[in-house]
Protein chains: 2
Amino acid sequence: MKSLAQKTVTLKDIAKEVGISPSTVSRAINNEGRVSETTKRRISEAIKKLDYHPNIMARGLASKKTKSVGFVISKRRGRSLDRTSFYGKIIEGVEKEGRKYGYNPIFSVINEEERKSASLQIVKENRVDGLILAGCDIDKKLVLSLKERKIPLVLVDNHFDKEKISCVVTDNLNGAYEAVTYLISLGHKRIGFVAEMLSDLSFYERLQGYKLALKEAGLNYEENLVQESRDDIGYTATKKLLESQLPPSAIFAANDSAAIQAMRAIRKKRLRIPQDIAIVGFDNGEVAPYTNPPLTTVRVFTKEMGQIAMRMLIGIINNKNPLPVKNLMFTELVIRESCGGKLKRENFRPLTH
Amino acid sequence: MKSLAQKTVTLKDIAKEVGISPSTVSRAINNEGRVSETTKRRISEAIKKLDYHPNIMARGLASKKTKSVGFVISKRRGRSLDRTSFYGKIIEGVEKEGRKYGYNPIFSVINEEERKSASLQIVKENRVDGLILAGCDIDKKLVLSLKERKIPLVLVDNHFDKEKISCVVTDNLNGAYEAVTYLISLGHKRIGFVAEMLSDLSFYERLQGYKLALKEAGLNYEENLVQESRDDIGYTATKKLLESQLPPSAIFAANDSAAIQAMRAIRKKRLRIPQDIAIVGFDNGEVAPYTNPPLTTVRVFTKEMGQIAMRMLIGIINNKNPLPVKNLMFTELVIRESCGGKLKRENFRPLTH
DNA sequence: TTAGGATATGAAATCGCTTGCTCAAAAAAC
DNA sequence: GTTTTTTGAGCAAGCGATTTCATATCCTAA
């Protein structure tokens, strides 16, 4: 009826062109079984000549491999999809890496029905060879159900350590440690921590890094310097800090969004950044260079996370990765102007713990 | 070898269960040919009972339809992919709409080879039934080549009017008109226009809207109030405006990025926003609420553009859209604080041209 | 010289679904 | 009551690959 390709060139055509059987051509293409160098060459010449491209559908049907992977994200119930650019960067990496090996990512947002049934449409339909599940809103139940069915799986920006599923995550602990250490190196002794919510896994880990840095610098950890406010992403939390008896001279925000809200709260109090109070964020999102003043923050290598996740997934699909691996991505402190100090990264002390 | 589904239920199984031939089951599922209501019911019961899901690969092979579409973006040569969140929003809409009809989007970034050969891997491999090409970096050559091969096609945020290809684009003219009219309604008489480059189609259209608004308000169009600076996305352009004999009292930036650069230039000159100079952007990107002051800008309905594009594409694929259509998306002025005026949209005069 | 083992190739089944053709039975027309 | 349509369902041939098994050829070793 409606065919995309003008006049489809098939395996058979190549076989005919070379004067050989389709089986051999197939073997040559897939580099398996024995095919003499001579015929291999002639085949690849014919392929070029006729501009042949294997039909993915046919190949998929015969070999049970689709050469597609699902890139799956979830959105918080009720809310619209935030962190669009975060996911965008990840899938960019996924696509880039996948292309090298002939894999294509199918973009999918989990819907209510899939959440309930703990299964995914694209999996049921055999559309994909494996999945990349991105973001921390992915249900554990879903993940377990997929794992049980032996679907190749990689988590990005999420992990369930007990379940031993391959994942690639940001080294939140070190990232936070480095950020706070930086603040300390600028002379700050009272440093606040604000977050949207401490229950979120990433934010919790960042809090641990914060504690570690304080401890190592011999500073006391004060519980009331740590505040969260869910509804306004750290605005109220910051306000509380600023209005306390002994307000901090610096704030470490669990992410850039919280940092921005913190800045808003600080400005509201007519305090200056960084003169009166310094601030560091986390993520190095699109917004960071454009805040006023530009935000010093911890860079997360989003695109690279996507690439690595894809590479791992391909390994799993092809049984090359016998063991699940947790991949910790290093971070990088990006120094802008929200802490005043222009101290270069190289000059400040390295991780010691 | 490695199969995703545990024990694949096939059409045949359904047929056996009902005691009927596979052909009939297929017809029932696809709602074509004649099948009695009775057997239809029994079939759908069996489907539910055995949890059957058609195998996309097999279906694709037989019917030449993949039920996938390519979501294709390009990145400017050399540069990394900007506007991630823009594309993210679009594909979100594409996915949402596609899901209703069983279509999945395959995410793809055009690479150098594809650009050169004016063809796409996913098309050659018969992976997709059609394409959504997003962004204005898509080569015209590529588009024409695809069109010639009768690949169903929809452009998003881009159009080649002469080629009569279905597309969905922002109504840049009206959007700009509305923004500038708003500035005029606040009393501004000298309004500058800054852009990264005027050659860009969208920006050119916005310039036309700017001119229209001036004209309609009886204001003269002055060429030297329009400036572009490519390397710094409007920074130098703004600087030039501010240093001119008669600097403007307001600036309309061709997009949010330019607006941010303009703000930077304005701040550098120690001018206040909005007291000394007002500014309006275009896009309502992620950054807009977080600039200082928050940016008044023209909202573009990105996700909806994706939805509409997908709906159009599905129509084309199924021959339901006989004629190509250019879909103009209305915009909405989002009033924040960068113009000072808190004039509500409802109070200011409507489009009259 | 010949059996035995590599090595290269082919034939044919298969993957799961669609679809054109055929055909029987039921309904409608004559 | 026969002929013609209409309707519902089955047969079987693809779709374009992969893959198992068999086979032909060529070496090498006995």
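Worth saying up front: this structure is predicted, and the values here are computed from it rather than measured. Letters A, B, ... mirror the listed sequences (proteins, then strands); counts begin at 1.
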Of the candidates D:dA9, C:dT9, C:dG16, the side chain of B:Thr39 sits closest to D:dA9
Can a donor-acceptor pair be found, under 3.5 Å and without considering hydrogens, that links the side chain of B:Thr24 to the backbone of B:Ile20?
no
Short side-chain N/O contact from A:Ser63 to OP1 or OP2 of C:dC15, under 4.0 Å:
no
Separation of C:dC17 P from B:Lys65 NZ (nearest whole Å)
18 Å
If we count only N and O atoms by modelled type, under 3.5 Å, do the side chains of B:Ser36 and B:Thr39 hold a donor and an acceptor together?
yes
Would you mind reading off the distance between B:Asn30 atom CG and C:dT18 atom C1', rounded to a whole angstrom?
8 Å
Among the nucleotides D:dA17, D:dG8, C:dG16, whichever has the atom closest to the side chain of A:Pro54 is D:dA17
Has A:Lys64 got a side-chain N or O lying under 4.0 Å from the OP1 or OP2 atom of C:dG16?
yes
Look only at the side chain of B:Asn318 and the backbone of B:Gly315, and say whether a donor-acceptor pair between them is shorter than 3.5 Å.
no
What residues from residues 40-50 of chain B pass a heavy-atom cutoff of under 4.0 Å to DNA chain D?
none
Would you mind reading off the distance between B:Leu61 atom CG and D:dT18 atom C1', rounded to a whole angstrom?
12 Å
What are the residues of residues 12-29 of chain B, sorted by number, that bring a heavy atom to within less than 4.0 Å of DNA chain D?
B:Ile20, B:Ser21, B:Ser23, B:Thr24, B:Arg27
Scan A:Arg34 against the nucleic acid and name what it touches under 4.0 Å (heavy atoms): base, sugar-phosphate only, or nothing.
base
Would one find a side-chain N or O of A:Asn55 under 4.0 angstrom from OP1 or OP2 of D:dC15?
no
What is the separation between atom CD on B:Glu32 and atom C1' on D:dT7, rounded to the nearest whole Å?
16 Å
Please verify the inter-ring angle class for A:Phe71 with A:Phe107; under 30° counts as parallel, over 60° as perpendicular, anything in between as tilted.
parallel
Whole-Å distance separating the CE atom of B:Met57 from the C1' atom of D:dA17
12 Å
Counting only N and O atoms by type, is there a donor-acceptor contact under 3.5 Å from the side chain of B:Thr302 to the main-chain atoms of B:Ile90?
no
Would you mind checking if A:Lys116 and A:Glu113 are paired as a salt bridge, meaning a charged N to carboxylate O distance below 4.0 Å?
no
Any side-chain N or O of A:Arg59 below 4.0 angstrom from OP1/OP2 of D:dG16?
no
